[in-house]
2 protein chains.
Amino acid sequence: MPRRPQSEAAWAAKRQQIITAAIGEFARRGFHATKMEHIADAAGIGKGTIYEYFATKDELFLAVYDYWMDTYEAAMQRAADEHRGDPLATADALIETAIAFYQEHAAYAPILLEFWAHALRSDDPHFLERIQQMKQTLGAIGARVASELIASGAFRKVDTASFAQLELGISDGIFLHWVLDGQRYNLHDAYRFRQAVIGAGLMRPMLRRMLESKITKRLTSGFLNSNAPGARSKRSR
Amino acid sequence: MPRRPQSEAAWAAKRQQIITAAIGEFARRGFHATKMEHIADAAGIGKGTIYEYFATKDELFLAVYDYWMDTYEAAMQRAADEHRGDPLATADALIETAIAFYQEHAAYAPILLEFWAHALRSDDPHFLERIQQMKQTLGAIGARVASELIASGAFRKVDTASFAQLELGISDGIFLHWVLDGQRYNLHDAYRFRQAVIGAGLMRPMLRRMLESKITKRLTSGFLNSNAPGARSKRSR
DNA sequence: ATAGTACGACTGACCAGTCGGTCGGCAAAA
DNA sequence: TTTTGCCGACCGACTGGTCAGTCGTACTAT
């Protein structure tokens with residue numbers, strides 16, 4: 001982390017400008033194939049200038065990583081806060097936020113995978129810790145919603161922490177396979193299908209009976225044949 | 001793919017020897033950090049010799065990838081065949097096989113992630129096609145089991161293809177998060193928890209009522225506090 | 001003037017892939 | 001049986017190209 005002269009704000013802004021450019025380049029080409037010059041070009045600055053703000057390429061990578069995690073975490077936190085007190089609405093909002101984020105960043109999936117690989121292998125524990133911190137944060141949100149759903153009588157009793165972590169894994173798994181499948185189907189539909197499976201299992205009889213026909217419809221129609229838009233189908237009904 | 005002299009068998013054996021060495025090195029260091037010399041050393045041969053069997057580093061990477069996929073696919077296929085006719089047993093066997101494979105190859109998770117990233121980015125469609133082929137194969141197995149479960153009256157009606165693909169995503173997601181979590185908990189327990197959630201949702205009332213107490217137990221105890229062995233707990237009961 | 005900032009040509013390290021040479025084994029000749 | 005000659009698997013020093021990071025210069029603002 002080099003010196004930090006001029007105004008604090010200007011420094012941070014330029015740093016951010018570099019991070020933004022780096023995200024795009026890293027995503028398009030991958031960490032190793034991305035040359036510092038590419039990033040400099042994308043940011044409209046000279047290569048040397050990057051080194052005024054980041055000591056090494058690795059440090060820049062890490063900054064990109066942090067920035068991304070922060071963004072996602074903040075979006076989810078906001079979604080959770082907006083509906084505080086209404087667990088069903090919160091659950092919906094969380095899912096919608098996650099889907100939106102995933103769809104928006106589908107092109108970044110390769111770099112996300114590289115992040116994970118890097119984190120698992122790196123000597124620098126920062127990467128892994130950052131992931132676990134995020135899992136912690138999101139897990140806490142999920143567990144809170146789950147316990148509210150249980151308290152309200154909508155859900156049967158579950159270990160909420162386990163359930164929340166499972167959900168995080170499932171979410172990433174669905175996203176990953178959706179990308180690996182060439183975004184062939186509608187991500188919303190896949191999530192809804194998943195929700196129907198889980199919902200059918202965890203809802204208390206009363207709620208389940210209420211939603212039975214919707215669940216049945218989702219379960220029997222699946223998501224694979226949905227109108228394959230890579231994204232942009234805010235409300236597919 | 002260079003010439004293929006001597007006996008076919010000897011050629012294949014040496015090729016395999018290189019692949020085996022490469023798996024370990026790629027897994028430990030990652031694709032980019034692994035030098036051809038490392039692989040040569042690990043295989044106990046000279047660097048130049050590798051190029052008698054593989055034209056480029058990429059081609060070797062791809063061979064490693066194929067080998068791995070083949071192994072997994074074959075194991076799953078075998079598990080499915082062994083219990084043909086008994087869908088519940090087949091489902092169990094598939095899950096056990098998947099868990100065993102995942103646990104055995106936990107150290108290779110980073111390279112699996114790199115594979116995926118590479119597949120998504122590579123100009124060579126082989127990688128992505130190979131993944132999709134595997135999803136196809138495993139998906140067909142899963143769909144068959146699901147439809148048998150439905151036919152037998154154990155499961156409610158679902159779109160079996162969607163369900164199978166969802167399961168593949170979920171499996172990978174759980175595995176991924178288990179690894180990212182430092183293999184802190186027992187993978188078996190996580191899968192059982194998942195099964196309980198799904199089972200509770202899809203089982204027909206009769207079966208569900210029969211298994212109710214087991215499901216309740218799994219759902220309420222979760223998997224996060226399980227006796228954290230990274231692997232080796234064949235039957236934790 | 002001068003301190004802070006930007007730059008990009010340059011350097012040194014690195015590494016995939018090459019290529020000329022070695023050597024063990026085998027078969028034909030002696 | 002021994003000698004000679006050949007083959008091709010094997011090797012690793014070397015090459016050519018690449019790129020992260022440096023540094024002397026130039027610009028800008030005060």
Side-chain angles (χ1 to χ4, degrees), chain A residues 1-26 28-65 111 114 118 122-124, chain B residues 1-23 25-26 28-65 111 114 118 121-124:
Chain A
M1 191 107 24
R3 67 222 150 102
R4 184 184 322 203
Q6 64 183 182
S7 86
E8 185 76 16
W11 187 80
K14 190 130 214 169
R15 206 178 132 93
Q16 187 52 53
Q17 172 190 351
I18 295 170
I19 289 176
T20 306
I23 288 182
E25 296 304 306
F26 280 142
R28 168 162 33 265
R29 308 169 197 264
F31 178 74
H32 291 281
T34 299
K35 310 308 158 207
M36 291 305 263
E37 206 186 332
H38 295 149
I39 297 172
D41 289 351
I45 61 175
K47 175 155 120 86
T49 307
I50 295 178
Y51 288 88
E52 301 285 338
Y53 296 83
F54 301 93
T56 62
K57 191 183 181 185
D58 267 14
E59 191 183 301
L60 174 54
F61 190 57
L62 199 143
V64 164
Y65 181 73
I111 194 119
E114 258 176 15
H118 199 85
S122 172
D123 289 327
D124 184 346
Chain B
M1 191 105 26
R3 68 220 149 102
R4 182 183 323 201
Q6 62 184 179
S7 84
E8 184 76 17
W11 186 80
K14 190 127 215 168
R15 206 179 132 94
Q16 187 53 51
Q17 173 190 350
I18 295 171
I19 289 176
T20 305
I23 287 181
E25 295 304 306
F26 280 142
R28 169 164 31 266
R29 310 170 196 264
F31 179 75
H32 291 282
T34 299
K35 310 308 157 205
M36 291 305 262
E37 207 185 331
H38 294 147
I39 297 172
D41 288 352
I45 61 173
K47 175 154 122 81
T49 307
I50 295 178
Y51 288 90
E52 301 285 339
Y53 295 84
F54 301 93
T56 62
K57 192 183 182 185
D58 266 15
E59 192 184 300
L60 174 55
F61 191 56
L62 198 143
V64 165
Y65 180 74
I111 193 121
E114 259 175 14
H118 200 84
R121 207 142 41 200
S122 172
D123 289 328
D124 184 346

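The chains referred to below are lettered A, B, ... by the order of the sequence lines, with proteins before strands, and numbering in each begins at 1.
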Spacing of [X] atom [atom1] relative to [N] atom [atom2], expressed in whole Å:
X	N	atom1	atom2	value
B/R15	D/dC10	CZ	P	14 Å
A/I50	C/dC7	CD1	P	10 Å
B/Y53	C/dG17	OH	C1'	18 Å
B/D41	C/dC15	CG	C1'	14 Å
A/I39	C/dG8	CD1	C1'	16 Å
B/F54	C/dA16	CZ	C1'	16 Å

Exercise. How does protein contact run along nucleotides 20-29 of chain D, one letter per nucleotide 5' to 3', with B for base contact, S for sugar-phosphate only, - for none, heavy atoms under 4.0 Å?
Worked result: BBB-------
For this session: Any chance you could measure A/T49, atom OG1, to A/Q17, atom CD, to the nearest 0.5 Å?
Result: 9.5 Å
Problem set entry | Straight-line distance of A/I50 CD1 to A/E37 CD, nearest 0.5 Å | 9.5 Å
Exercise. Does B/T49 have a side-chain nitrogen or oxygen under 4.0 Å from the phosphate oxygens OP1 or OP2 of D/dA9?
Worked result: no
Exercise. Is the side chain of A/E114 donor-acceptor paired with the backbone N or O of A/F31 at a distance under 3.5 Å, no angle test?
Worked result: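 Yes.
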Problem set entry | Verdict with reasoning, B/F54 to B/L62, per side-chain contact (heavy atoms from CB on, under 4.5 Å) | CA-CA 10 Å; B/F54 301 93; B/L62 198 143; over 6 Å; no
For this session: Could you please spell out the steps behind the side-chain contact (heavy atoms from CB on, under 4.5 Å) verdict for B/I39 and B/F26?
Result: CA-CA 8 Å; B/I39 297 172; B/F26 280 142; 3.9 Å; yes
Exercise. Run the side-chain contact (heavy atoms from CB on, under 4.5 Å) check on A/L60 and A/K57 step by step: do they pass?
Worked result: CA-CA 5 Å; A/L60 174 54; A/K57 191 183 181 185; 5.6 Å; no
